[in-house]
**Q** 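My structure is below; once you've seen it, I'll send some questions.
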Amino acid sequence: MTRTAWSLGLYGLVVTGCLALACLEPLVAVAVLAASRLKLPAALALTAAVWLTGQAIGFGLRGFPVDAQTLGWGLGLGVMALASLLTAALVLPRLPRAWPAWFRAAAAFVPAFVANQLCALAVELVVMGSCEIVPGVVTAIGLINAGWLAVLLALDALARRLPAPRPA
């Protein structure tokens with residue numbers, strides 16, 4: 001499977017899943033998986049595409065209000081996704097290659113999620129004028145992203161085991 005086909009498949013799975021589940025896009029999970037499989041420019045493009053599509057769905061289909069607060073959070077989500085991606089891209093090469101891919105991704109997920117949430121605090125400070133850590137919200141976002149990462153890693157492992165299609 002080519003990297004382009006893999007990226008399009010991941011993009012399609014995430015967008016379809018988010019539409020079906022009416023959930024936030026799992027930007028940390030996408031960033032970690034993209035950083036683990038793609039070179040940084042391609043990983044950045046994939047993560048940005050998921051973020052932009054999430055914004056288009058929110059403002060276009062779900063009727064998010066077009067005000068300074070919502071636009072600020074929308075841009076903030078992009079910054080948070082970028083922080084997750086860059087953190088994962090820095091951590092992954094430093095992990096032992098002998099570790100299984102799923103374990104390396106899980107190990108990179110933790111610092112990527114921390115970077116994401118630190119950026120969330122900064123975004124909240126800029127957008128709202130103050131910031132507050134709400135453990136239940138942080139936990140929910142972490143569990144959503146961890147669940148998505150587990151599912152995406154399982155589907156990735158399955159796709160790698162399938163025979164490559166033969167040209168007609």
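Positions are given from 1, in the same order as the sequence printed here.
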**Q** May I ask you to test the V127-L75 pair for a side-chain heavy-atom distance under 4.5 Å?
**A** no
**Q** With a 4.5 Å limit on heavy-atom distance, are the side chains of L85 and L40 in contact?
**A** yes
**Q** Considering non-hydrogen atoms only, spot the tightest contact between Y11 and A49 and give its length.
**A** CE1-O, 3.7 Å
**Q** Of all residues at least two apart in sequence or in a different chain, which pass the ring pair (Phe, Tyr, Trp, His ring centres under 6.0 Å) check with W102?
**A**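 By the ring pair (Phe, Tyr, Trp, His ring centres under 6.0 Å) rule, W102 matches no residue at all.
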**Q** If I compare all heavy atoms of L121 with all of C131, which pair ends up nearest, and what's the gap?
**A** O-CB, 3.6 Å
**Q** Scan for side chain to side chain donor-acceptor pair (under 3.5 Å) pairs involving residues 118-143, sequence neighbours excluded, and state none if there are none.
**A**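 Qualifying pairs, neighbours excluded: none.
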**Q** Do K39 and R3 come close enough that some side-chain heavy atom pair is under 4.5 Å?
**A**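 In short, these two side chains do not touch, never coming nearer than 4.5 Å.
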**Q** Working to the nearest 0.5 angstrom, can you tell me the gap between L44 CG and L82 CG?
**A** 6.5 Å
**Q** Is there a side-chain contact between V138 and F113 in this structure, where contact means two heavy atoms from C-beta onward sitting under 4.5 Å apart?
**A** yes
**Q** If we only count heavy atoms from C-beta on, is the L71 to F59 side-chain gap below 4.5 Å?
**A** yes
**Q** If I take atom CG from residue L46 and atom CG from residue L33, how far apart are they, to the nearest 0.5 angstrom?
**A**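 If I round to the nearest 0.5 Å, the distance is 8.5 Å.
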**Q** Can you name the residues that form a side-chain hydrogen bond (donor to acceptor under 3.5 Å, both in side chains) with S7, not counting sequence neighbours?
**A** none
**Q** May I ask you to test the R62-I57 pair for a side-chain heavy-atom distance under 4.5 Å?
**A** yes
**Q** Please tell me if the side chains of W6 and R160 come closer than 4.5 Å, counting only heavy atoms from C-beta onward.
**A**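 In short, these two side chains do not touch, never coming nearer than 4.5 Å.
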**Q** Kindly determine whether M128 and V123 satisfy side-chain contact (heavy atoms from CB on, under 4.5 Å), including the steps that lead there.
**A** CA-CA 8 Å; M128 308 297 288; V123 169; over 6 Å; no
**Q** Please report the interatomic distance CH2(W148) to SG(C18), rounded to the nearest 0.5 Å.
**A**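 Reported value, rounded in 0.5 Å steps: 4.5 Å.
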**Q** Is a side-chain donor or acceptor of N145 paired with a backbone partner of I141 at a separation under 3.5 angstrom?
**A** yes
**Q** For the residue pair A88 and A31, what are the closest heavy atoms and their distance?
**A**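 What the structure gives for the nearest pair is CB-O, 4.4 Å.
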**Q** Kindly give the heavy-atom pair with the smallest separation between A115 and T87, and that separation in Å.
**A** CB-OG1, 3.2 Å
**Q** If you look at every heavy atom in V32 and A112, which pair is closest and at what distance?
**A**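 In terms of heavy atoms, the two residues are closest at CG2-CB, 3.7 Å.
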**Q** Closest approach of L27 and L77, non-hydrogen atoms and distance?
**A**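 In this case the closest contact between L27 and L77 is CD1-O, 3.8 Å.
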**Q** Going only through I, L, V, M, F, W and Y residues with side-chain contacts under 4.5 Å, is there a path from W99 to L92?
**A** yes
